[in-house]
Amino acid sequence: MAELKTKATKASVSKFLESVPDASTRKDCKALIQLMKKVTKSQPKMWGPSIVGFGDYHYKYDTGREADWFCAGFSPRKNALTLYIMSGFPKHADLMSRLGKHKTGKGCLYIRQLSDVDTKVLEQLIERAVKSL
């Protein structure tokens with residue numbers, strides 16, 4: 001079975017954030033750090049070269065595949081801020097309908113900028129997702 005390529009590193013979160021070219025995105029990332037620290041009660045750490053993760057959990061699929069991952073995280077991608085919500089979104093339909101402008105993938109929430117969403121609703125979403133782990 002293939003091993004996960006994305007793992008926790010000792011790289012500096014602050015140095016990574018300072019390397020984000022867009023000032024507005026950098027500001028949003030710093031706000032996300034404060035929000036995710038509050039919700040997860042964990043310090044941020046780098047996962048791979050471009051993901052900021054909070055907390056740790058070990059999971060095991062029915063197939064036997066196991067891995068360690070973060071409870072919540074984000075990455076400032078070129079087209080959007082990508083937030084990693086490990087519980088997925090179907091069980092959070094009530095919050096998703098009130099969140100604001102966004103797109104989703106299986107476990108990813110894509111927002112152009114933090115001002116596009118209701119940050120109180122985002123906080124609730126992350127809190128619920130982390131508790132479900």
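Just so you know, these numbers use all the heavy atoms, side chains as well, and skip hydrogens, waters and symmetry mates. Counting begins at 1 with the first residue of the sequence.
Within the 4.5 Å cutoff, no side-chain heavy atoms of F70 are placed close to those of T40. C71 is listed as a side-chain neighbour of Y57, based on a closest heavy-atom distance under 4.5 Å. Counting heavy atoms from C-beta on, the side chains of F16 and P76 come closer than 4.5 Å. Looking only at side-chain heavy atoms (C-beta outward), R98 and D118 stay at 4.5 Å or farther from each other.
For R112, the CZ atom counts as loosely surrounded, since its 6.0 Å shell holds 12 or fewer non-hydrogen atoms of other residues, nucleotides or ligands.
In this structure, V52 and M46 approach most closely via the heavy-atom pair CG2-SD, 3.9 Å. Of all heavy-atom pairs spanning T119 and L35, the tightest one is O-CD1, 3.9 Å. Nearest heavy-atom pair, K101 versus V117, reported as atom, atom and distance to 0.1 Å: O-CG1, 3.5 Å. Taking all atoms of both residues into account, the shortest heavy-atom contact from G48 to T6 is N-CG2, 4.0 Å.
Salt-bridge check for D56 with K45: passed, with a basic side-chain N closer than 4.0 Å to an acidic carboxylate O. Ionic pairing of K30 and E18 is present here: one or more N-O contacts between side-chain nitrogen and carboxylate oxygen are shorter than 4.0 angstrom.
Remark: Q43 engages K37 in a side chain to side chain contact (heavy atoms under 4.5 Å, CB included) (not counting sequence neighbours).
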Distance-only donor-acceptor hits, side chain of residues 80-92, under 3.5 Å, sequence neighbours excluded:
| from | atom 1 | to | atom 2 | distance (Å) |
| --- | --- | --- | --- | --- |
| Y84 | OH | R77 | NH2 | 3.0 |
| S87 | OG | H92 | NE2 | 2.9 |

